[in-house]
Amino acid sequence: MYGTTMEGHSVTCHVHGFLPYFYVPAPMNYRPENKNDLLLAINNYVRPAKSSSGGPVVDIDMVMKSSIYGYHGPKKALFLRIIVRLASYLPAAKRIFRDGFDVHGLGRVVCDPTYESNIPYPLRFMIDTKIQGASWVELSPKTYRIRTANNRTSTSQLEVDVYTDDIVAHQPEGDWQKIAPLRILSFDIECAGRKGVFPDANVDPVIQIANMVTLQGETRPFIRNVLTLKKCANIVGTHTMSFEREEELLKTWSEFVVTMDPDIIIGYNINGFDFPYLLDRAKALNVKDFPFLGRIIGSQTCAKDSRFSSKGLGTRDTKSINLEGRLQMDLLQVMQRDYKLRSYTLNSVCAHFLGEQKEDVHHSIITDLQNGNDETRRRLAIYCLKDAYLPQRLLDKLMCVINYMEMARVTGVPFNYLLTRGQQIKVVSQLYRKAKTEDLLIPALEVEGSEDVQYEGATVIEPEKGFYELPIATLDFTSLYPSIMMAHNLCYSTWLRDVRTAEQHGLVRDKDYKVTPDNALFVNPSVRKGILPTILEDLIAARKRAKGDLKKETDPFKRAVLDGRQLALKISANSVYGFTGATIGKLPLLAISSSVTAYGRVMIEETKMRVEEKFTIANGFEHDAQVIYGDTDSVMVKFGVKTVAEAMKLGREAADYVTSHFQKPINLDFEKVYFPYLLINKKRYAGLYWTNPTKHDKMDTKGIETVRRDSCRLVSSVIETCLKKILIDRDVKAAEEYTKGVIADLLQNKVDLSQLVISKALGKAEYAAKQAHNELAARMRKRDAGSAPALGDRVAYVIIKGTKDAAAYEKAEDPIYVLENNIPIDTKYYLENQLSKPLMRIFEPILGSKAQTLLSGDHTRVISVAAPTIGGLMKFAVKTATCLGCKTPLKKNESAVCHHCKPRVGELYQRQLDSVSDLEVKFARLWTQCQRCQGSLHQDVICTAQDCPIFYMRKKVQKDMKDSSMVLDRFNYAW
DNA sequence: AAGCCCAGACGT
DNA sequence: TAATACGTCTGGGCTT
């Protein structure tokens, strides 16, 4: 075990006396005296490489347990606990039982499945010792021995030996909620790449490493340093260390890490880039002492390729880096797991969460700065330091450490599982812990290859589409699926395979067991209380407690912990259902998951029916209520009343009324009123959200382009603005006018490029059909393999003008490339394929067929358009200059105006001059803004941040300015 | 041109 | 080795 004391001293603790094991059902006729023969037989079959210390299986216990999978009556059965010497022997021993083998005195022994044989050994240890993840473990005086210099194996401040039985585990309650002052190292490296090629560790040197060290809970780093190759001018408040040789730089950094001994190492994409690069580079330069960054002496740090794929997170190539005793939190991974964003560059993530941009220096410019002088290297160092600081800021702002620790504490898994493993292991941990208390064993089911059986999910009520200018009340079941599992005692341990099984146990329908709407059978709590319902009850009770404590708590730190906890508890409760339905999972039981959804379907139908049946004119209400929409666990009700207050009153009444017809703890809650409400389709709607009758809380949009990451900013912002004008200002006319204006701007090329960027995730390497983002990624790989998007990345593109019948995937292009090469945008595509349908969808319910006029009419007449520079005839067309006054083609001896316009030349010149100076002012303003962002008003702007709107504007204005002054130059000849 | 189907992203 | 679930809309390529 690795840990930290409350004083902040790192500890490596060698725990002795805990061996891996698994269970098998005892063979028939098994008696204690068979043990030696069985032991011999297994060891005979397993035959490990090193058998000097005896066979792989060291002991066999007899225990009374029962399988959790299905109800087996109240009696327990005899199981054998097979104890092995090393975790690595376990799979072999397990295979022998599964395949079968002969034992003297017992005959042929076959056990399939085996039990609890597929749980990670560290987790097994934690479960048995009742240690939760990221929690306190106490070693009492005299129970442990401290190692001295001559037998140390780690670089921790303290190193001790202890026996498993002497460990005292503390549950994270009361005083044990505290968090040790962990040392957090945030770092970033820069390397000098070559033009047009992504840095290659075999060739390109590491030139700088910036480090910040902060104590958990504090806001300011107590160490700030930067290691540079070649001299670097002084930076206030930062320790700069310069090296002439790169080997020295690397060696010093490695020593720094070991000496400073961080508990957590963070950074941005350190897992995918910085760590592997440093390791590869050290190998290329033959820096032998470098790759020992963990706490175990002599354990070499290396990067291993692995691929992680899940339905939720998609497929992603990752690297795993072994740093014994130190946690790694790559903030890029954290962001990708926990937040849905348009882009995951450090720049855009910081803009989103910290409200500030950072300059983004393209890797090809870095070399120029390195090859400059002390000052340019200082410039680079400041940039590098900022990149080391920002991950720390994100970590603090989002309270990642606290939230992750709470998740580890609630689910019981080690901290590092949260970033390296998926969702299932968290449920497994809880299931094992709870099952152990009831002597239930969990079978190690073999994952059946391609068995991806689907079962029916939830009901989505057919929406009564339209624009409602009446308040619509929303009723929601609170934690629907968990409460169904609790109300009906759905669990592995309560499941009856069929009616015959029920009869065998003498169980009577309804009295002892129930049949679900999916025709599955589960025993009632009076026969056996399920494990899953118990886990859920505990989670929900704990959440209630955490929320209650949160209300009372005033200390901001403790509040953060409690808030993190209640969130972790909520997520955990919700993932139990998914776990039971994960067919390619550890322990799927579709009887549970399909019964849960079946109950849900029945309940939403019943809710709709009861509301519409009770709230009628016949029953003395003013109007007949109507359920206009509902999804899974919610119904939207039109009571027909005019005011929000009345809708709220009826909503509450209806919720209570319906709840009274369901079994505890199922609860239908009145949540909010939408007024007005625009219902476009299933899973697509918008409305003003009211929780109190005096004023609305916010505008809420679901599934519409405003919340989707795969439409460009232009579409989201137009739709968002229109909805605001329609719903908040209640001014449809204004929305129409606004839309027309935007369309006109778009067609006249006045819309900024950053507004037109579309992004999509690169899900897989091979696609069945050609797709824009995938084709572009392939093209970009050809241009520069290193900087092109990788699997799992989001690919940004714009649609450019092409030949008439070109497919969209041929017209997708990298926005930066478009900007740099001045390629015209396909504005018509943006109008017809991006804007038109979403606009029609929101305007049609309000304007009816009149909505069509938005897309045709005066504003769609193009006034000026940039000439396409590629394709067909344009190549052969000779560009003739036209008069700046009347656009007629000019004669040879005329350069600015024709002879008719000659008298106006002064006025026209002035106009052009104004335009140039106008653009100059605009450009200067954007330039200063970029300088301010990079933190210096005296230096050149080198930022090329692809997510930054300012960057696009600056580039565009720069280009316009150049064009405009070229036109101005034509007057020189005119005089 | 119509319709199928994949892929992406979202809702719950 | 590891990977919560299903329902729905939408855009766009591909086939008929």
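Sequence lines set the chain letters: A, B, ... in the order given, protein chains first and strands last, and positions in each chain run from 1.
Residue A/Asp518 forms a side-chain hydrogen bond (donor to acceptor under 3.5 Å, both in side chains) with just one option from A/Ser595, A/Ser593, A/Ser594, and that option is A/Ser594. Results of the side-chain contact (heavy atoms from CB on, under 4.5 Å) test with A/Val334 over A/Val349, A/Asn403, A/Leu418, A/Leu419 single out A/Leu419 as the only residue that passes.
Contact between the side-chain N/O atoms of A/His773 and the OP1/OP2 oxygens of B/dG8 is found at a separation under 4.0 Å. For A/Lys702 and B/dT12, the shortest distance from a side-chain N or O to OP1 or OP2 is below 4.0 Å. Here A/Tyr829 does not reach the OP1 or OP2 of C/dG11: none of its side-chain N or O atoms lies under 4.0 Å away. OP1 or OP2 of C/dG11 lies within a sub-4.0 Å distance of a side-chain N or O belonging to A/Arg841. Contact annotation: A/Lys683 side-chain N/O to C/dT8 OP1/OP2 distance is not under 4.0 Å.
For A/Thr701 and A/Arg684, each mapped to the nucleotide of DNA chain B holding its nearest heavy atom, the one lying further toward the 5' end belongs to A/Arg684.
Residue contacts shown for A/Val707 are limited to sugar-phosphate atoms, with no base heavy atom under 4.0 Å away. Nucleic acid contact class of A/Tyr481 (heavy atoms, under 4.0 Å, all strands): none. Backbone-only contact: A/Asn833 has heavy atoms under 4.0 Å from sugar-phosphate atoms and none from a base. Using a 4.0 Å heavy-atom cutoff across all strands shown, A/Gly578 reaches at least one base atom of the nucleic acid.
Comparing the P positions of C/dT4 and B/dT12 gives a spacing of 22 Å, expressed to the nearest Å.
A straight line from CZ of A/Phe579 to C1' of C/dC6 spans 18 Å, rounded to a whole angstrom. Note: CG (A/Asn681) to C1' (C/dT10) measures 10 Å, nearest angstrom. A straight line from OH of A/Tyr685 to P of C/dT8 spans 15 Å, rounded to a whole angstrom. Here the P atom of nucleotide C/dC6 and the CG atom of A/Asn574 are 16 Å apart, to the nearest Å. Here the C1' atom of nucleotide C/dT1 and the OH atom of A/Tyr417 are 13 Å apart, to the nearest Å. As rounded to whole Å, 7 Å separates atom C1' of C/dT10 from atom CZ of A/Arg708. Following rounding to the nearest Å, A/Lys304 (NZ) and C/dA2 (C1') show an atom-to-atom distance of 14 Å. Note: OH (A/Tyr455) to C1' (C/dA5) measures 4 Å, nearest angstrom.
Taking each heavy atom of A/Leu679 and A/Arg684 in turn, the nearest pair found is CD1-O, 3.9 Å.
Among C/dG11, C/dG7, C/dT4, the nucleotide with an atom closest to any side-chain atom of A/Lys837 is C/dG11. Side-chain proximity of A/Asp631 to the nucleotides B/dT12, C/dT8, C/dT4 is greatest for B/dT12. In the set C/dA3, C/dT8, B/dG8, B/dG8 carries the atom at the smallest distance from any side-chain atom of A/Lys760. Residue A/Tyr809 places its side chain closer to C/dC14 than to any other of C/dA5, C/dA2, C/dC14.
A salt bridge does not link A/Lys672 to A/Asp697: none of the charged side-chain nitrogens sits closer than 4.0 Å to a carboxylate oxygen. Taking a cutoff of 4.0 Å between a charged side-chain nitrogen and a carboxylate oxygen, A/Glu406 and A/Arg409 qualify as a salt bridge.
Figure legend: A/Lys702 and A/Tyr685 shown without cation-pi pairing, the cationic atom not lying both under 6.0 angstrom from the six-membered ring centre and within 45 degrees of its axis.
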